[in-house]
Amino acid sequence: MHNVFEALNERGFIKQTTNAEQVAHLLSEGEVTYYVGFDPTASSLHVGSLVPIMAMAHLQRAGHKPIAILGGGTTMIGDPTDKTEMRPMLSQEQITANGKGILAQMQRYLNLDNGVNADNLQTTAKAGKFLNNADWLLSINYIEFLRDIGKHFRVNEMIRAEGYRQRLERELGLSFLEFNYQLLQAYDYLCLFQEYGCRLQLGGDDQWGNILAGVDLVRRVKGERVHAVTFPLLTTATGAKMGKTAGGAVWLDPQRTSPYEFYQYWINTDDRDVSRFLAYFTFLPMDEIRRLGSLKDEAIREAKEVLAYEVTQLAHGKTEADKARAASRAAFGGGNLDAVEMPTSAIIAQRLESGIPIMELFHEVGLANSRSEARRLVQQGGAYINEKQYRAIDMLVNADLLEADALMLRAGKKRYHRIVLKEN
RNA sequence: GGGGGUAUGCUUGAGCGGUCAAAAAGGGCAGACUGUAAAUCUGUUGGCUACGCCUACGGUGGUUCGAAUCCAUCUGCCCCCA
């Protein structure tokens with residue numbers, strides 16, 4: 001077993017550890033059960049969650065056993081860390097439903113007890129677990145909890161933690177409910193240690209304090225040394241949060257973010273982020289990544305294409321990745337636009353007889369959020385039909401513009417939408 | 001429980017009772033330049049049946065010819081006292 005710790009480190013996954021040598025040693029000794037917590041506030045993960053997932057996948061491929069924890073119980077509290085306000089609380093039903101979606105997505109990267117969801121996934125890896133911490137948190141008895149767990153926490157220390165301190169010093173208060181978040185998260189670690197012998201927790205660097213609380217708790221209650229590793233919080237070179245675009249988050253759920261859009265997100269990666277992202281989000285060997293990362297100027301587009309293709313393939317499978325790549329090449333490389341996968345909608349053929357106002361058309365297919373926006377788009381020269389710009393706002397789109405019974409709309413430089421005809 | 005403060009468009013944040021769809025910045029969008037990158041420059045950024053109309057400045061109800069701006073009340077948040 002080669003040293004996974006080194007591999008993770010080389011790929012940039014490691015920000016802080018309880019003790020680097022000890023963690024490395026632990027991972028080289030034999031099978032280690034490790035866990036990462038996930039937020040169940042949405043029914044899909046977004047690309048930000050890919051960092052922990054990729055890290056988990058690397059560990060599993062190296063023979064270790066993952067546990068993914070759905071924060072169904074802790075979400076009912078709301079993590080105050082680095083939040084400007086309280087999180088909305090979700091119902092258990094909602095959380096369970098969200099968990100289903102999240103599990104399916106994880107199964108593309110990890111082999112969990114509940115199965116796998118990707119053809120290319122190494123099934124030789126030991127199956128891990130997907131658990132909901134609501135299972136043990138919801139049945140907690142308050143008095144017992146205070147006595148057995150609460151006694152190990154010093155309020156003095158807790159309020160010194162950065163996350164809490166900010167909330168205490170600034171206008172926004174901190175409710176007692178939120179104050180307990182750390183105890184519950186620490187309790188998770190204790191439970192997982194007891195039940196599954198879990199000895200390593202990983203998480204975003206903003207979770208460092210909470211994770212350490214768990215490490216301490218295990219030491220105090222069980223007298224055992226367990227470990228923690230955090231991932232750096234990713235931002236893009238321009239300082240934006242990873243995985244956010246104007247349209248919102250980039251989701252793994254193809255219903256929310258189509259494979260094409262997903263692919264485009266990666267293609268549009270800033271030059272400076274390319275090699276970092278290749279290391280995080282693909283399984284390509286580091287030598288290859290270094291080669292791709294050293295490409296300069298225009299040539300770096302090759303690296304972006306590899307990045308986009310690899311990441312899309314992991315998230316959506318080879319077929320979808322091929323389609324997305326073909327569509328992307330066609331749209332931006334002057335290829336044949338007709339045969340490829342694009343956001344498409346159908347309109348009734350008859351409507352073209354009398355002509356459809358161009359503004360209405362762009363609005364209708366979602367290329368503009370309102371008619372006013374569509375109007376602006378046209379006026380400013382951002383509206384194209386079959387690669388021809390139209391600037392007249394009173395222009396009517398009729399059957400004369402059809403090419404092969406279809407219209408390819410384009411808004412701005414990058415957003416395409418294809419229109420086909422239907423009878424009625 | 002008492003006293004005070006605050007609530008503005010995607011965000012931050014200005015807004016004398018009329019000239020406010022509301023300063024400014026950020027963000028977004030479009031154009032130019034380019035490599036589907038970055039940086040830069042320009043335009044634009046509530047909606048609509050579009051030189052006009054409608055909806056908006058926490059909720060409701062008032063005062064006024066006229067309110068985001070004044071009053072009352074409700075709600076949320078913050079601060080001080082208890």
Side-chain angles (χ1 to χ4, degrees), chain A residues 78 80 83-88 166-175 178 235-250 258-278 292-309 311-312 324-335 337 340 342-343 356-360 362-364 366-385 387-396 408-417:
Chain A
K83 288 287 183 296
T84 44
E85 54 195 67
M86 268 181 74
R87 279 191 198 176
Q166 277 181 16
R167 288 289 294 268
L168 288 170
E169 285 174 3
R170 304 235 170 117
E171 313 110 53
L172 293 154
L174 178 70
S175 71
E178 295 171 285
T235 51
T236 64
T238 46
K241 251 189 205 151
M242 184 73 207
K244 297 282 181 199
T245 64
V250 179
S258 71
Y260 173 75
E261 290 172 280
F262 187 82
Y263 182 92
Q264 285 300 312
Y265 172 77
W266 296 101
I267 275 287
N268 285 315
T269 299
D270 191 296
D271 286 8
R272 294 164 288 180
D273 291 327
V274 172
S275 47
R276 239 173 11 120
F277 286 3
L278 280 165
L292 290 167
S294 66
L295 296 173
K296 290 280 176 277
D297 302 321
E298 264 191 78
I300 201 166
R301 287 166 61 209
E302 179 197 335
K304 291 184 187 181
E305 190 171 78
V306 172
L307 172 68
Y309 183 79
V311 182
T312 306
R325 182 169 63 187
S328 181
R329 280 178 177 169
F332 296 99
L337 281 170
V340 300
M342 277 284 161
I356 303 170
I358 187 165
M359 285 162 42
E360 193 173 313
F362 273 81
H363 177 215
E364 201 173 301
L367 252 21
N369 290 322
S370 66
R371 295 176 60 101
S372 294
E373 201 175 300
R375 166 187 290 261
R376 260 174 249 129
L377 190 71
V378 174
Q379 284 175 334
Q380 293 175 153
Y384 298 79
I385 298 174
E387 294 307 303
K388 188 167 183 307
Q389 188 186 58
Y390 293 91
R391 307 191 68 136
I393 56 167
D394 51 358
M395 137 113 189
L396 290 177
M408 180 59 74
L409 304 189
R410 193 178 112 207
K413 279 189 271 248
K414 301 177 188 172
R415 288 148 53 224
Y416 285 85
H417 195 101

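What you see is a predicted model; the values in this text were computed from it and never measured. Excluded from the calculations below are hydrogen atoms, water molecules and symmetry mates; all remaining heavy atoms, backbone and side chain alike, are included. Residue numbering restarts at 1 for every chain, and letters A, B, ... go by the order of the sequence lines.
Phosphate proximity of B/U36 to A/Arg301: present, with a side-chain N or O under 4.0 Å from OP1 or OP2. For A/Arg375 and B/U45, the shortest distance from a side-chain N or O to OP1 or OP2 is not below 4.0 Å. Between A/Ser370 and B/C48 there is a side-chain N or O to OP1 or OP2 distance below 4.0 Å.
With P as the reference atom, B/U42 and B/U49 are 33 Å apart, rounded to whole Å. If you take atom C1' in B/A21 and the same atom in B/C57, they sit 10 Å apart, rounded to whole Å. Annotation: B/U6 and B/G59 have their C1' atoms spaced 16 Å apart (nearest Å). B/C54 and B/A22: their P atoms are spaced 16 Å apart (whole Å). If you take atom C1' in B/G58 and the same atom in B/C53, they sit 27 Å apart, rounded to whole Å. If you take atom C1' in B/C51 and the same atom in B/U36, they sit 39 Å apart, rounded to whole Å.
In this structure, A/Lys414 and A/Leu377 both approach RNA chain B, and ranking their closest nucleotides by distance from the 5' end singles out A/Leu377. Summary of the strand contacts: A/Arg415 and A/Gln264 both lie near RNA chain B, and taking for each the nucleotide with the nearest heavy atom, the more 5' one is attributed to A/Arg415.
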State the dot-bracket string of RNA chain B. Criteria: Watson-Crick or G-U wobble, both atom distances under 3.5 angstrom; notation: ( ) intrastrand, [ ] crossing earlier pairs, | interstrand, . unpaired. (((((((..(((.....[.....)))((((((.......))))))(((...)))...(((((..]....)))))))))))).
Quick test: give all pairs of protein nitrogen or oxygen and nucleotides 32-34 of chain B nitrogen or oxygen below 3.5 Å, distance rounded to 0.1 Å.
from: B/C33; atom 1: N4; to: A/Lys413; atom 2: NZ; distance (Å): 3.2

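Distances were taken from every side-chain heavy atom of A/Arg371 (C-beta onward) to each of B/U36, B/U49, B/U44; the shortest belongs to B/U49.
Results of the side chain to side chain contact (heavy atoms under 4.5 Å, CB included) test with A/Trp266 over A/Leu278, A/Val306, A/Val311 single out A/Val311 as the only residue that passes.
Checked by distance alone, A/Ser328 brings a side-chain donor or acceptor within 3.5 Å of a matching partner on the base of B/U36.
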